[in-house]
Amino acid sequence: MINLKTKSDIEAMAESGQILAKALEAAEEAVKPGMTTERLNEIVEKVILREGAKPSCKNYQGFPACCCISPNNVVVHGIPSRSVVLKEGDIVSVDSGAYYKGFHSDAARTFAVGKISEEAKRLIEVTRACFFAGAKMAVDGNRVGDIGSAIQQMAEEAGYGVVRELVGHGVGRSLHESPDVPNFGRAGKGVRLTRGMVIAIEPMINMGAADVRFSKTDGWTVTTLDGSLSAHYENTVAITEDGPKILTLR
């Protein structure tokens, strides 16, 4: 069941989204070589709590932290740890959510740790561009496949793999709602988009092949099967009468 939001609901979600955007900006400013992923998690959580919100991800289905922090070949759902130390040349994605006034927001960014290679920089830039290509399709009357097709086309034209096993989703009073929003697909196919829908569009793009491996050790961490770098970029997007409204960008 798809839960449509009223204008006042979307306004509340925008407040949540701005808190989350501020927290992710704090992470971007702080990230540096020598920092643990646990410390990066603490920085994001501190901002979310200071702004009067609650971390959406913490204890969600048993996840132990405020953020999923995923360096290099970790696609998503990396568990923050004091034993994981970021080093010069790494890339790291930070995925988090904020719960405020009864609604969740969800967003992710991939950051450079110090100076990174041109190849890694291009992966981050293309992944971000894939999001905006998909978000342009998030208009009343289009279909979910229009979003996925736009993302897939841009990523594959750049020579990258598009993860299939993990997808975007609806967002609202629950962190994950219907519908699923894949980062691949055929234009004109899938669930029809309507005003009042709020969705998380989140390209997960691999420098190499699309295949991934799910950890049997911690039950969360997802890595690229071939060991290649992966980038993740996500925002919460409302479908309105005026077109797509990105709620998690300041």
Side-chain angles (χ1 to χ4, degrees), residues 1-5 7 9-10 13-14 17 75-77 93 95 97 104-110 122-172 174-212 222 224-226 228-249:
M1 176 180 174
I2 296 173
N3 297 311
L4 299 181
K5 281 72 179 178
K7 287 186 178 181
D9 291 340
I10 292 173
M13 293 188 73
V75 180
V76 286
H77 302 164
S93 71
D95 183 1
H104 294 272
S105 55
D106 193 1
R109 306 282 186 268
T110 299
R122 178 174 179 263
L123 174 67
I124 293 173
E125 290 171 350
V126 169
T127 302
R128 183 178 183 275
C130 283
F131 164 80
F132 285 101
K136 286 181 181 178
M137 299 294 105
V139 297
D140 185 40
N142 273 359
R143 293 185 179 270
V144 164
D146 295 312
I147 296 173
S149 176
I151 292 170
Q152 180 182 3
Q153 181 177 349
M154 178 169 286
E156 292 182 348
E157 284 180 354
Y160 298 143
V162 180
V163 174
R164 301 302 205 268
E165 291 86 349
L166 301 145
V167 299
H169 51 87
V171 187
S174 297
L175 181 58
H176 290 85
E177 298 182 349
S178 294
D180 287 347
V181 185
N183 298 305
F184 57 92
R186 294 176 58 191
K189 299 293 183 180
V191 172
R192 186 176 296 279
L193 304 172
T194 60
R195 285 177 291 176
M197 290 174 65
V198 181
I199 56 177
I201 301 173
E202 50 175 320
M204 289 158 273
I205 308 299
N206 298 344
M207 188 177 285
D211 307 282
V212 298
V222 182
T224 57
L225 189 62
D226 60 9
S228 63
L229 295 179
S230 185
H232 183 200
Y233 190 89
E234 174 186 22
N235 282 298
T236 300
V237 181
I239 298 166
T240 76
E241 60 187 7
D242 299 317
K245 181 178 181 181
I246 302 173
L247 306 181
T248 46
L249 279 180

Close side-chain approach of [X] and [Y], heavy atoms under 4.5 Å:
X: His77; Y: Leu166; result: yes
X: Val162; Y: Glu156; result: yes
X: Gln152; Y: Pro182; result: no
X: Val75; Y: Thr224; result: yes
X: Val167; Y: His169; result: no
X: Lys7; Y: Glu241; result: yes
X: Val212; Y: Leu225; result: no
X: Arg143; Y: Lys189; result: no

Gap separating the [atom1] atom of [X] from the [atom2] atom of [Y], nearest 0.5 angstrom:
X: Met1; Y: Ser178; atom1: CE; atom2: OG; answer: 9.5 Å
X: Ile239; Y: Leu193; atom1: CD1; atom2: CG; answer: 4.0 Å
X: Asn235; Y: Arg128; atom1: CG; atom2: CZ; answer: 8.5 Å
X: Leu4; Y: Ile10; atom1: CG; atom2: CD1; answer: 9.0 Å
X: Cys130; Y: His232; atom1: SG; atom2: NE2; answer: 12.0 Å
X: Glu234; Y: Thr248; atom1: CD; atom2: OG1; answer: 7.5 Å

For this session: Examine distances only and state if a side-chain atom of Arg192 and a backbone atom of Gly141 form a donor-acceptor pair shorter than 3.5 Å.
Result: yes
Exercise. Got a donor-acceptor contact below 3.5 angstrom from the Asn183 side chain to the Glu202 backbone?
Worked result: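 Flag set: sc Asn183 to bb Glu202 pair under 3.5 Å.
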[X] versus [Y], closest heavy-atom pair with distance:
X: Ala231; Y: Thr127; answer: CB-OG1, 3.4 Å
X: Ala187; Y: Ser149; answer: N-CB, 3.7 Å
X: Val181; Y: Ala200; answer: CB-O, 4.2 Å
X: Ser93; Y: Thr110; answer: CB-OG1, 3.4 Å
X: Phe131; Y: Ile246; answer: CE2-CD1, 3.8 Å
X: Asn206; Y: Ser230; answer: OD1-OG, 2.7 Å

Exercise. Hey, mind stepping through Met154 and Phe132 against side-chain contact (heavy atoms from CB on, under 4.5 Å) and telling me if it holds?
Worked result: CA-CA 10 Å; Met154 178 169 286; Phe132 285 101; over 6 Å; no
For this session: May I ask you to check whether over 12 heavy atoms, not counting those of Arg164, lie within 6.0 Å of atom CZ?
Result: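 Yes - once you tally the heavy atoms of other residues, nucleotides and ligands closer than 6.0 Å, there are more than 12.
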Exercise. Will you find, in the side chains of Ser228 and Asp226, an N or O donor that is under 3.5 Å from an N or O acceptor?
Worked result: yes
Exercise. Asp106 and Thr236: side-chain donor and acceptor closer than 3.5 Å?
Worked result: no
Problem set entry | Passing option when Ile199 is tested against Ile2, Ile147, Asp180, Val171 for side chain to side chain contact (heavy atoms under 4.5 Å, CB included) |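 When Ile2, Ile147, Asp180, Val171 are each tested with Ile199, the side chain to side chain contact (heavy atoms under 4.5 Å, CB included) holds only for Ile147.
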